[in-house]
*Asks:* 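There's a structure below that I have some questions on.
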Amino acid sequence: MAIVLEATGVRVEYGETVALHDFSLGLAAGDLLGFIGPNGAGKTTSLKAMAGLIPMAAGRVRVLGEEIEPGNVLGTARIGFAPDTPPIYEELKVADFLRFIGKAYRLRGDMIEERIDFWLDQLWLSDRRDAKIKTLSRGMRQRLTVARTLLADPTLVLLDEPAAGLDPAGRVQFRKMLGSLRDQGKALVVSSHILADLHEYCTHIAIMEAGRLRQFGTVAQVVGGKEDNRCLYRVTLARPEPRAPALLAEMAGLSRIEVHGREISFEFEHDDAEAAGLLERLMRHGLPVASFAPIEHDLEQAYLRTGIRQVD
Amino acid sequence: MSDLPIISNPIGWAMLQIAGGWRRLGMLVTVYSGGMLLICTLIYRGAQPDLTLAQFASGAQTMIMFLQAALFFLVAPNLIRRAILRDFTTDMITSHRLTAMTGYTAVLGYLTAPSQIGAMTVVNWIASNIFGLMAGPGPSQSLAAPSMLFAVMAVFAATCWTLSILVALSTKGKVAINGLIVVLAIGSNMMLIAILPGLDLLLVVVRVSRIFQGTALPIDAIEVFVSILFQIVFALVFFAAAARKYHRDDVPAFTPLLAYGTLALWSLLCAVALRYWAAERDAIWTGLYFSADPRNHMFVTLISLLTVACLPVAGAARSEARWAERRAKDALFAPRRPRRFYFAPVVATFIALGVLLQVRMPVLERCFSDDTHSFVENAWCVPIAFLLALVTLGGVLRYAYGRTPNGLVAGVLVLLFFWALPPFVDLALEVVEDRHALAPKSVLFTASPFGVWLAAVRDMDAPVVPGLVIQAVVAAGALSLARRARYAEFSPAAAGSGG
């Protein structure tokens, strides 16, 4: 897979405040990165830094090997960035606004019209084609911003809270569209607080806190906590067993043991053979095991596990 | 109609659509033309029989010229500024910056933003020609005069509009240049700016009404032609600077080359004006002795040159400070170190005074000679004071830029405390101590470049050498300050603070 985005050691400062510390990540074509973190974590700042919109105190960003810097029109034109507050000309009609964007990207006239038709259809705005933008709802404006972002067929797509104004049906369709873009080989970065959605369509997750990248990896790595190859298991006993805590504490490889009546949870190796061995040992010690299973993590749990408490 | 690709520039096209498109523009032209026709008819009917048609037409033509000047120089720059302000407040500027538009395309788009002004200009031009025909080609009126005046005003308007874009992009649309234009227009009409011949030559358009009245002398036509040439070059300079500034707020508008070029251009303008026009012109304010004296022309010209020379010096200080700051925080930062900031004062002095010297005689001899026409012995101190002033500025700004992103306050403080205040304080003390005006000046007077230049061009009895020594000490102090800033940037603590 071709490397689309390379951010290395990016540092952004606003006066004395360091908004982004040593931010580094890379994305290949077809990667869809979900960006999560509390407000003020540096998500928007890092998106803007990747788009070359704010000055960096250190580091560099490359898109398809091209360094992103002011005046590099060829480089920045490969990036589609949709900020959380849609930048639009309220007085223009929907199609005219997209026409303007097409001209600004130097697209041919017929291609502009073709793409306007396509994206208005994809984003359920076809019936609002000749409506003034100021008459659109927040969700529609958000979709128009996405259409504006994708009109020029960018290689790297940066979306800041794109689903914030969408209704449930819209979110479903939006997820499908992101999946389709991912399958087309684009690299996408989506900042969102809707963790369940991100879990569904992202290939990678980055968790940010206080301007630092706390975690970055594939969804499976981040969600399953597999970076240290350990997993949370739950054991249900047929009846309360007073010996259980002591027995488990003596067993090698177990940690974070918690006992609540018949329910016991602990961390152990995320490996099926090891888990089978552990179950066998529990049975051999005479524990009345009624059920034994790893707890399937979701993104929300993974996020909470990082210890970042402030969730919007 | 709105889909016609008549305006191919994206921003220009969007601005036209926002203003209502071609249909709204057509309505505006119709209403404006109809309104003008109605008002003219009413005034003419009301003023008959005291007013002949020719007299009325002549008066109406003059009014249209004033109206056109207001549209060109007050309304249009404000429309441009508002267009840029809207792009900043709606964050459309971010959207523009991510597209494939170059800075030049964007600035050209903003130039076409006041499309209504263009339409009204066409109406005014047609109307002024019709009124010209009605007034008839009298002894003081040429039939081609309205078109010539429109053309001259349009060139100056282009300079004002590009300056307006540059200022608006630099201040996120918050600052308008209308106030500056009004001050310059008033100053030019009252001949106050004749004190600075370069500016007077550049703003000759304000006095160009003499062509319109048919009373122009051959020298006026050449002066207007030279002025137009300079205006066009300045418009191109502002255009290039604005195109750079468009890309991101932290990008300096002037590259070193552009800054030195601007200084050379200003110096050439001043030199040409000093040599060919300033000294010969009579001051309209005869009571204002200051305005017609070539020595004072030279003094004010030197101040203006020093002010424009701040551009490359400040740019060099900023560029070196930014490079050092980035280098301290980013080990992988690759670009070469920019030229040391203290080269800029040397180059700027060489350019500013070198160009002036190239166009030197006979005006410099007049400026630097006493009543016996012997060359004033202190003339040599002019370039030294110029250089020392710029070194001081460069050092202080290098220190300031190492600590803050904005060096404007430091620059103003230097101008105030090291350049402007000392002569004023000395003159104030002179009054307080009841010294005679021709009595020797104190060293406080010559501790500033302004004082040294005044002493040189007026051959005053002033301690020039001690004054220059003080300026040299101040410049050395500024260099030492800059050196401290450099050490702080490259200390292990600073380097370690990088991510």
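No hydrogens, no waters, no symmetry mates; every other heavy atom, side chains included, goes into these values. The sequence lines fix the lettering, A, B, ..., with proteins before strands; numbering per chain opens at 1.
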*Asks:* For a 4.5 angstrom cut-off between non-hydrogen side-chain atoms, does B:Gln17 reach A:Glu91?
*Replies:*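 Heavy-atom side-chain distance check fails, nothing below 4.5 Å.
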
*Asks:* So which heavy atom on B:Arg326 is nearest to which on A:Ala57, and how close?
*Replies:*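 In this case the closest contact between B:Arg326 and A:Ala57 is CD-O, 2.9 Å.
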
*Asks:* Looking only at heavy atoms, which two atoms of B:Ala14 and A:Phe100 are closest? And how far apart?
*Replies:*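 Heavy atoms of B:Ala14 and A:Phe100 come nearest at CB-CD1, 3.6 Å.
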
*Asks:* If I take atom OG1 from residue B:Thr99 and atom CZ from residue A:Arg148, how far apart are they, to the nearest 0.5 angstrom?
*Replies:*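 B:Thr99 atom OG1 to A:Arg148 atom CZ measures 7.0 Å (nearest 0.5 Å).
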
*Asks:* Which atoms of B:Ile11 are under 4.5 Å from chain A, going by heavy atoms: the side chain, the backbone, both sets, or neither?
*Replies:*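 Answer is both: backbone and side chain atoms of B:Ile11 are under 4.5 Å from chain A.
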
*Asks:* Please classify the contact between A:Phe97 and chain B as side chain, backbone, both or neither, with a heavy-atom cut-off of under 4.5 Å.
*Replies:*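 Contact with chain B involves the side chain of A:Phe97 alone.
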
*Asks:* Which of residues 61-79 of chain A get closer than 4.5 angstrom to chain B, counting heavy atoms alone?
*Replies:*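 The stretch touches chain B at A:Pro70, A:Gly71, A:Val73, A:Thr76, A:Ala77, A:Ile79.
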
*Asks:* Verify the neighbour count for atom CZ of B:Arg339: are there more than 12 heavy atoms of other residues, nucleotides or ligands below 6.0 Å?
*Replies:*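 Count not over threshold, so no.
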
*Asks:* Between A:Ala152 and chain B, with a heavy-atom cut-off of 4.5 Å, which part of the residue counts as in contact: side chain, backbone, both or neither?
*Replies:*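 The answer is neither part of A:Ala152.
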
*Asks:* Does A:Arg11 pair with B:Asp330 as a salt bridge, N-O distance under 4.0 Å?
*Replies:*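 Salt bridge flag = no for B:Asp330 with A:Arg11.
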
*Asks:* Is the number of heavy atoms from other residues, nucleotides or ligands within 6.0 Å of NZ (A:Lys186) greater than 12?
*Replies:*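 For A:Lys186, atom NZ is crowded (more than 12 foreign heavy atoms under 6.0 Å).
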
*Asks:* Taking all heavy atoms of B:Leu98 and all of A:Tyr105, pick out the closest pair and write down the distance.
*Replies:*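 Where B:Leu98 meets A:Tyr105 most closely, the heavy atoms are O-OH, 3.2 Å.
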
*Asks:* Got A:Arg99 and B:Trp13 here, is their nearest side-chain heavy-atom distance under 4.5 Å?
*Replies:*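 Heavy-atom side-chain distance check passes, below 4.5 Å.
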
*Asks:* Rounded to the nearest 0.5 Å, what's the gap from CE on B:Met15 to CG on A:Leu92? Could you check?
*Replies:*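 The CG atom of A:Leu92 is 9.0 Å from CE of B:Met15, to the nearest 0.5 Å.
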
*Asks:* Answer yes or no: does atom OH of A:Tyr14 have more than 12 heavy-atom neighbours from other residues, nucleotides or ligands under 6.0 Å?
*Replies:*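 Result for OH/A:Tyr14: enclosed.
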
*Asks:* Taking all non-hydrogen atoms of both residues into account, name the closest pair between A:Arg60 and B:Phe333 and its distance.
*Replies:*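 Looking at all heavy atoms of both residues, the closest pair is NH2-N, 3.6 Å.
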
*Asks:* Which bit of B:Asp87 comes within less than 4.5 Å of chain A, counting heavy atoms only: side chain, backbone, both or neither?
*Replies:*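 Side chain only.
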
*Asks:* Which heavy-atom pair separates A:Pro87 from B:Asp91 by the least distance, and what is that distance?
*Replies:*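 It is CB-O, 3.4 Å.
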
*Asks:* Near A:Arg129 CZ, under 6.0 Å, is it more than 12 heavy atoms from other residues, nucleotides or ligands?
*Replies:*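 Yes, CZ of A:Arg129 has more than 12 neighbouring heavy atoms, counting only those of other groups under 6.0 Å.
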
*Asks:* Nearest 0.5 Å, please: how far is CZ in B:Arg97 from CZ in A:Phe81?
*Replies:*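 So the gap between those two atoms works out to 13.0 Å.
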
*Asks:* What part of B:Arg86 is in contact with chain A, defined as an atom under 4.5 angstrom from a non-hydrogen atom: side chain, backbone, both or neither?
*Replies:*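 Contact with chain A involves the side chain of B:Arg86 alone.
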
*Asks:* Out of A:Ile88, A:Val18, A:Thr8, which one racks up the most heavy-atom pairs below 4.5 Å with chain B?
*Replies:*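 The candidate making the most pairs under 4.5 Å is A:Ile88.
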
*Asks:* Please classify the contact between A:Leu107 and chain B as side chain, backbone, both or neither, with a heavy-atom cut-off of under 4.5 Å.
*Replies:*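 For A:Leu107, no heavy atom lies under 4.5 Å from chain B.
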
*Asks:* What distance do B:Met92 atom CE and A:Glu90 atom CD have between them, rounded to the nearest 0.5 Å?
*Replies:*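 Rounded to the nearest 0.5 Å, the CE-CD separation comes out at 11.0 Å.
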
